[in-house]
Amino acid sequence: FVAFNNIGEDLYEELEEALIFADLGAETAIALTNELRENVKTKRISEPEEAKKELYNIISEALSGDCSLNLSGKPAVIMVIGVNGVGKTTSIGKMTALLQSKGKKVILAAADTFRAAAIDQLAIWADRNNVTMIRHEEGSDPAAVVFDACAAAKSRNADVLICDTAGRLHNKKNLMQELEKIYRVIKRELPESSLEVLLALDATTGQNAVNQAEMFKETADITGIVLTKLDGTAKGGIVINIKKKLNIPVKFIGVGEGIEDLQEFDPEAFAKALLE
Amino acid sequence: SLGEKLQQTFKKLKGHGKVSEKDIKEAMREIKMALLEADVNFKVVKSFENAVKEKALGSEVMESLTPGQQIIKIVRDELTALMGGENSKLTVSPKPPTVIMMVGLQGAGKTTTTGKLATYLKKQGKKPLLVACDVYRPAAVKQLEVVAGQCGAGFFSKPGSNKPVEIAKEAVKKCDLSIYDTVIIDTAGRLHIDEELMGELVAIKEAVEPDEILLVVDAMTGQDAVNVAESFNNQLDITGVVLAKMDSDTRGGAALSVRAVTGKPIKFAASGEKMDDLEQFYPDRMASRILG
Ligand SMILES: Nc1nc2c(ncn2[C@@H]2O[C@H](COP(=O)(O)OP(=O)(O)OP(=O)(O)O)[C@@H](O)[C@H]2O)c(=O)[nH]1
Ligand SMILES: Nc1nc2c(ncn2[C@@H]2O[C@H](COP(=O)(O)OP(=O)(O)OP(=O)(O)O)[C@@H](O)[C@H]2O)c(=O)[nH]1
Ligand SMILES: [Mg+2]
Ligand SMILES: [Mg+2]
């Protein structure tokens with residue numbers, strides 16, 4: 001930020017612009033800037049640096065909440081969903097390593113039976129982590145894969161079952177119905193299990209991410225977001241709108257393509273990185 | 001929609017005749033908000049606004065009976081002009097094979113678009129060979145092999161090799177011209193700020209001298225589209241863009257952003273996961289879509 005020597009319209013404009021560049025959208029950017037103006041008045045802030053810190057607080061406040069994974073069932077189930085190419089399969093590979101490091105026995109379900117070599121891709125991640133993966137042929141019914149995986153998770157005494165799913169656009173009715181079917185199979189076959197439904201969102205996504213979150217939430221009750229590809233120049237600010245609108249917390253962030261490139265979400269660090 | 005909003009803005013003054021500069025300012029604000037909501041990059045919106053404002057202050061708006069309609073027409077025409085215009089055909093090399101290189105961020109749709117391009121070229125009587133230069137992502141080579149099978153194109157890979165530049169060079173050099181006339185090189189997704197991997201693309205470009213370098217951009221991309229397009233274009237001098245995932249409900253402002261900062265044509269719009277989901281890009285349709 002350029003050195004401002006006082007808090008005036010120029011500073012507010014610069015901050016609003018930074019929020020727009022971070023993909024918060026114009027409306028949310030204006031709303032947060034107005035909230036900042038209020039706080040500057042009530043808290044008698046006079047230094048520009050303090051005003052910026054106050055904006056950090058507003059943002060990390062908006063994103064705070066329980067970011068932990070609910071793994072209370074036995075097995076606990078995690079389902080990863082989202083549009084095409086956002087990083088679902090890769091995030092599952094990383095998450096498996098993270099959960100194993102916490103002593104959990106993980107089993108995977110290759111329920112993307114549609115995309116070319118999607119099963120092979122997850123199989124490589126299963127090998128990297130030395131875990132079992134339940135698979136059927138390409139083109140088979142993804143709900144059948146999940147049905148078998150639920151049975152296997154019980155019989156093999158797994159702690160966590162993670163289900164990959166095919167990328168799908170949220171505006172494709174038939175594909176969302178397929179997803180709903182998978183969700184229902186898990187609920188039916190493992191009624192005692194906890195179920196985390198994680199929506200993978202690509203940090204480069206613009207305002208459309210709100211539509212994605214709304215539509216996926218209607219189909220399979222989303223419990224958290226994995227915000228991927230934060231290692232680029234995109235800031236992923238759209239998650240602030242999603243949190244405000246739908247109260248869905250970010251639980252993980254992806255910062256690369258390697259097995260350790262998944263981090264638990266830290267709202268303050270995110271808020272700071274947003275305005276850099 | 002923007003049209004409705006602008007009609008509202010101008011309806012307010014129907015009573016007292018002439019459009020004032022203040023009304024134009026209000027209309028410009030509505031236009032700016034609509035473009036930002038459609039993910040057009042903030043810098044691009046600013047320069048677009050200035051271009052439109054000059055025209056909006058001209059006589060045909062100020063004295064018009066329907067100033068809202070006039071302004072919309074100016075905006076739409078300006079958008080179409082910015083995104084359209086020049087040739088968006090694929091170059092064909094005078095000396096076969098024609099070489100096409102696919103580049104872009106991770107997950108944009110490069111591998112799938114490679115197959116769609118091959119399908120499109122086959123319909124024109126061409127004989128494409130797909131080359132697997134993504135030696136990094138798990139099962140990326142296998143994915144392209146399956147895609148080649150789906151579209152009936154040739155497939156070249158070097159199992160065990162981790163040198164994309166060598167693979168690309170060999171594929172082009174050894175291309176059997178009695179069977180193939182076009183080589184499409186699929187590359188690994190990479191960040192535009194990854195110097196090493198961007199350097200690899202430059203090395204592939206120098207090794208095979210492609211006729212086309214197509215940047216695949218996800219149509220749902222937000223403000224960052226400008227940073228990505230600028231970097232890929234500055235380092236590779238791309239020849240065109242493919243806008244993928246146009247079958248989503250995004251308004252697709254990234255199209256304008258990418259075009260504005262690179263000056264390169266959007267050659268195709270991809271709208272689906274099947275091999276025939278590739279279409280020509282229509283600037284006027286895109287303009288309406290962005291305006292919402
Ligand atoms: N830079 C970066 N790349 C990532 C990250 N997460 C995933 N990727 C890459 O993004 C691309 C897409 O990831 P996938 O895991 O295949 O995405 P997906 O959502 O499973 O894709 P589909 O199954 O085709 O819908 C791959 O090239 C991954 O390596 C991340 O955090 N950072
Ligand atoms: N709906 C839709 N999906 C698409 C389109 N183009 C690609 N996809 C999907 O997007 C996902 C990613 O596509 P890929 O072709 O694997 O993307 P990529 O750029 O090669 O990915 P990396 O190699 O991992 O960087 C896959 O699930 C594709 O099926 C499109 O136009 N519409
Ligand atoms: Mg996947
Ligand atoms: Mg690929």
Side-chain angles (χ1 to χ4, degrees), chain A residues 16-27 29-30 83-90 93 114-125 127-128 138 166-172 175 202-209 211-212 215 228-229 231-238 254 256-257, chain B residues 32-43 45-46 105-112 115 136-150 188-194 217-228 231 244-245 247-254 272-273:
Chain A
E16 192 179 294
E17 240 176 77
L19 295 176
I20 290 174
F21 274 121
D23 281 312
L24 273 84
E27 251 175 67
I30 292 167
V83 300
N84 306 78
V86 288
K88 297 176 293 295
T89 306
T90 306
F114 175 73
R115 207 207 66 196
I119 297 168
D120 303 270
Q121 184 185 357
L122 188 66
I124 290 172
W125 283 106
D127 287 347
R128 285 180 181 173
E138 231 168 73
R168 71 200 67 223
L169 289 179
H170 52 288
N171 56 339
K172 300 270 177 83
L175 297 181
D202 183 329
T204 59
T205 313
Q207 300 307 301
N208 191 254
N211 302 21
Q212 294 175 28
M215 298 296 282
T228 65
K229 309 180 194 178
D231 45 323
T233 47
K235 304 287 189 193
I238 195 68
E257 301 184 77
Chain B
K32 178 179 161 184
M33 293 299 278
L35 293 177
L36 286 175
E37 261 164 48
D39 291 326
V40 178
N41 182 275
F42 192 72
K43 285 185 302 195
V45 170
K46 273 197 165 160
L105 293 181
Q106 291 92 341
K110 297 174 295 299
T111 304
T112 312
Y136 303 105
R137 207 204 71 188
V141 172
K142 177 98 165 84
Q143 181 187 359
L144 187 68
E145 185 177 8
V146 172
V147 163
Q150 285 171 350
R190 66 201 66 210
L191 293 174
H192 54 293
I193 52 173
D194 185 326
V217 174
D218 182 330
M220 297 179 274
T221 308
Q223 296 289 308
D224 199 46
V226 161
N227 303 322
V228 175
S231 287
K245 307 175 198 175
D247 46 327
S248 71
D249 58 358
T250 178
R251 289 193 14 217
E273 298 191 69

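Below, chain A is the first sequence line, B the second, and so on; all start at residue 1. All values reported here derive from a predicted model rather than from experimental measurement.
Of the atoms belonging to A/Gln121, heavy atoms from both backbone and side chain fall under 4.5 Å from chain B. Within the 4.5 angstrom heavy-atom criterion, only side-chain atoms of A/Val83, from C-beta onward, approach chain B. Heavy-atom distances place no part of B/Leu144 under 4.5 Å from chain A, backbone and side chain included. Neither the backbone nor the side chain of B/Arg251 comes within contact range of chain A; no heavy atoms are under 4.5 Å apart. When heavy atoms are compared at a cutoff of 4.5 Å, B/Asp247 approaches chain A by way of both its backbone and its side chain. Contact of A/Ile238 with chain B is not made at all, since no heavy-atom distance falls under 4.5 Å. Within the 4.5 angstrom heavy-atom criterion, atoms from both the backbone and the side chain of B/Lys43 approach chain A.
A donor atom on one side chain and an acceptor atom on the other are not found under 3.5 Å apart for B/Asp249 and A/Asn171.
Among A/Thr90, A/Thr228, A/Thr204, the residue making the largest number of heavy-atom pairs under 4.5 Å with chain B is A/Thr204. Contact count against chain B (heavy-atom pairs under 4.5 Å) is highest for A/Lys229 among A/Lys229, A/Glu27, A/Glu138, A/Gln212.
Smallest separation of non-hydrogen atoms from B/Lys142 and A/Asp120: CE-OD1, 3.6 Å.
Of the charged side-chain nitrogens involved, none lies within less than 4.0 Å of a carboxylate oxygen, so that A/Lys172 and B/Glu273 do not count as a salt-bridged pair.
Counting heavy atoms from C-beta on, the side chains of B/Met220 and A/Leu169 come closer than 4.5 Å.
A donor-acceptor pair under 3.5 Å links the side-chain atoms of B/Asp39 to the main chain of A/Gln207, judged by distance alone.
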